[in-house]
Amino acid sequence: METTKLRKITFEEHFMTPGFEGYSKSFTQHIKPEVFARLSAQLSDFDELRLSEMDRYGIDFSILSQTGPGVQGEQDFKQALAQAQRSNDYLAQQVQRHPTRFGGFASLPMHDPKLAAAELTRAVKDLGFKGALVNGHTQGMYYDDPSYDEFWACMQELDVPFYLHPSDAYVFPQVFDGHPQMRGAAWGWGVETASHALRLLFGGVFDRFPDLKVILGHMGEGLPFIPWRLDNRFAVYPHGVHLERAPSEYIGSNILITTSGVCSPSALKCALAELGPEAVMFSVDYPYESTAVAVEFIDSVDIEEEVRARICHGNAAHLFKL
């Protein structure tokens, strides 16, 4: 059995609710059939495959989420609510079977902020979930819209984080035409998700809800590398927007990041330098990324041991009250 230097918490780790396969076709259609067969087995498993991999690589606890795009791909808001409830109830059953190893992130019908807030409240208070993971926009609606203030107020009151996970752009930019490899995880998802997070920032969501925590995966979807540029250009081109702080000050306080899917020592060191060690957390992106590669990366990267412990366990334990 492989060993690891430090125990870990992960929370960009996915599963598939039975019957949700159709929602994921926009993503899975691009995956090679033999790879998709393996992924399907891993997504549907909560026991032998998942737990043995966690044990092998020293992962104590994983917060699980429905793989994308989930209910964000449902057009009918009433059906989205019913499906979100079904997915959350299903996940809660799996968590109850392994309560010391698994937690849950809620699926939410973001089509309607009031319904989303109600389901978040049920998931947190009744099911014991640790927050929510939402797969990007909902049918082209972004959550900086003032109609979502009711939802953000609920999330702040419940004191749980919101994981903003990538999704396809609602309308693909023309610059992607003829290059499908740019549309998804390699580039387009990061651009889409970072842009959504910046909409929240420049839309004043964090000024209205200063205790709100939004998590970005994949080393922050590139945002940790441009805070200076954001501050510099926003000072020149504010376009009538007033923020209580410089844009960079929200990244690392309201916007937190995980290492999922970016196992680059230089990228991690840059993120730590820009955001501080309290804003960076370890995750894998199971089963789409290799647990072995992710663990080898975080265990071997040349950083202080106290910082490594915060990234692997301490920051997440504090955020999720574990």
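Being a predicted model, the structure only gives us computed values, none of them experimental. FYI, the numbering just counts along the sequence from 1. Note that these values count all heavy atoms, side chains included, but never hydrogens, waters or copies made by symmetry.
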* To do: Decide side chain to side chain contact (heavy atoms under 4.5 Å, CB included) for Phe61 and His98; before the verdict, give the C-alpha distance in whole Å, the side-chain angles of both, and the deciding distance to 0.1 Å.
  => CA-CA 10 Å; Phe61 193 78; His98 302 289; over 6 Å; no
Quick check: do [X] and [Y] have side-chain heavy atoms less than 4.5 Å from each other?
X: Leu256; Y: Pro161; answer: no
X: Phe297; Y: Pro265; answer: yes
X: Leu120; Y: Phe151; answer: yes
X: Thr193; Y: Ser167; answer: no
X: Ile9; Y: Ile59; answer: no
X: Val160; Y: Phe129; answer: no
X: Met219; Y: Phe225; answer: yes
X: Met141; Y: Tyr148; answer: yes

Indicate yes or no: does [X] engage [Y] in a salt bridge with an N to O separation below 4.0 Å.
X: Arg245; Y: Asp207; answer: no
X: Arg208; Y: Asp149; answer: yes
X: Lys321; Y: Asp159; answer: yes
X: Asp55; Y: Arg101; answer: yes

Atom [atom1] of residue position [X] - does it have more than 12 heavy atoms of other residues, nucleotides or ligands inside 6.0 Å?
X: Glu21; atom1: CD; result: yes
X: Gln75; atom1: CD; result: no
X: Lys269; atom1: NZ; result: yes

Side-chain donor/acceptor of [X] to backbone N/O of [Y], under 3.5 Å:
X: Ser87; Y: Ala84; answer: no
X: Ser283; Y: Thr10; answer: no
X: Asp112; Y: Leu115; answer: yes
X: Arg97; Y: Ala92; answer: no
X: Thr17; Y: Phe20; answer: no
X: Asp45; Y: Leu49; answer: yes
X: Glu304; Y: Glu306; answer: no
X: Arg56; Y: Leu51; answer: no
X: Asn254; Y: Val214; answer: no
X: Tyr143; Y: Arg199; answer: no

* Asked: For Arg122 and Gln85, what are the C-alpha separation, side-chain angles and deciding distance, and is it a side chain to side chain contact (heavy atoms under 4.5 Å, CB included)?
  -> CA-CA 9 Å; Arg122 184 184 80 92; Gln85 291 173 334; 3.8 Å; yes
* Asked: In terms of hydrophobic clusters joined by side-chain contacts under 4.5 Å, are Leu319 and Ile255 together?
  ->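 Shared cluster, no.
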* To do: Please answer: with hydrophobic residues joined when any side-chain heavy atoms are less than 4.5 Å apart, are Leu127 and Phe105 in the same cluster?
  => no
Polar contact flag, side-chain donor to acceptor under 3.5 angstrom, [X]-[Y]:
X: His313; Y: Asp60; answer: no
X: Thr138; Y: His111; answer: no
X: Ser62; Y: Glu13; answer: no

* To do: Report yes or no: is the cationic atom of Arg183 (NZ for Lys, CZ for Arg) under 6.0 Å from the centre of the six-membered ring of Phe172, at an angle within 45° of the ring normal?
  =>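 Yes, Arg183 lies over the aromatic ring of Phe172.
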[X] to [Y] - nearest heavy-atom pair and separation:
X: Ile63; Y: Gly104; answer: CG2-C, 3.7 Å
X: Ala169; Y: His137; answer: C-NE2, 3.8 Å
X: Val71; Y: Ala80; answer: CG1-O, 3.9 Å

Ring center gap for [X] and [Y] short of 6.0 angstrom:
X: Phe15; Y: Phe46; value: yes
X: His165; Y: His196; value: no
X: Phe202; Y: Phe234; value: yes

Looking at [atom1] of [X] and [atom2] of [Y], how far apart are the two atoms once the value is rounded to the nearest 0.5 Å?
X: Glu305; Y: Leu6; atom1: CD; atom2: CG; answer: 7.5 Å
X: Asn135; Y: Tyr163; atom1: CG; atom2: OH; answer: 11.0 Å
X: Leu272; Y: Glu278; atom1: CG; atom2: CD; answer: 9.5 Å
X: Leu212; Y: Phe206; atom1: CG; atom2: CZ; answer: 5.5 Å
X: Asp285; Y: Glu12; atom1: CG; atom2: CD; answer: 4.0 Å
X: Leu230; Y: Leu201; atom1: CG; atom2: CG; answer: 7.5 Å

* Asked: Taking Phe11 as the fixed residue, which of Leu133, Val284, Thr258 is the one that meets the side-chain contact (heavy atoms from CB on, under 4.5 Å) rule?
  -> Thr258
* Asked: When Leu268 is tested against each of Ile257, Ile311, Asp302 for side-chain contact (heavy atoms from CB on, under 4.5 Å), which residue passes?
  ->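 For Leu268, the side-chain contact (heavy atoms from CB on, under 4.5 Å) check succeeds only for Ile311.
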* Asked: Given Glu74 and Tyr23, is the side-chain hydrogen bond (donor to acceptor under 3.5 Å, both in side chains) satisfied, shown in steps?
  -> CA-CA 7 Å; Glu74 174 60 56; Tyr23 289 133; 2.7 Å; yes
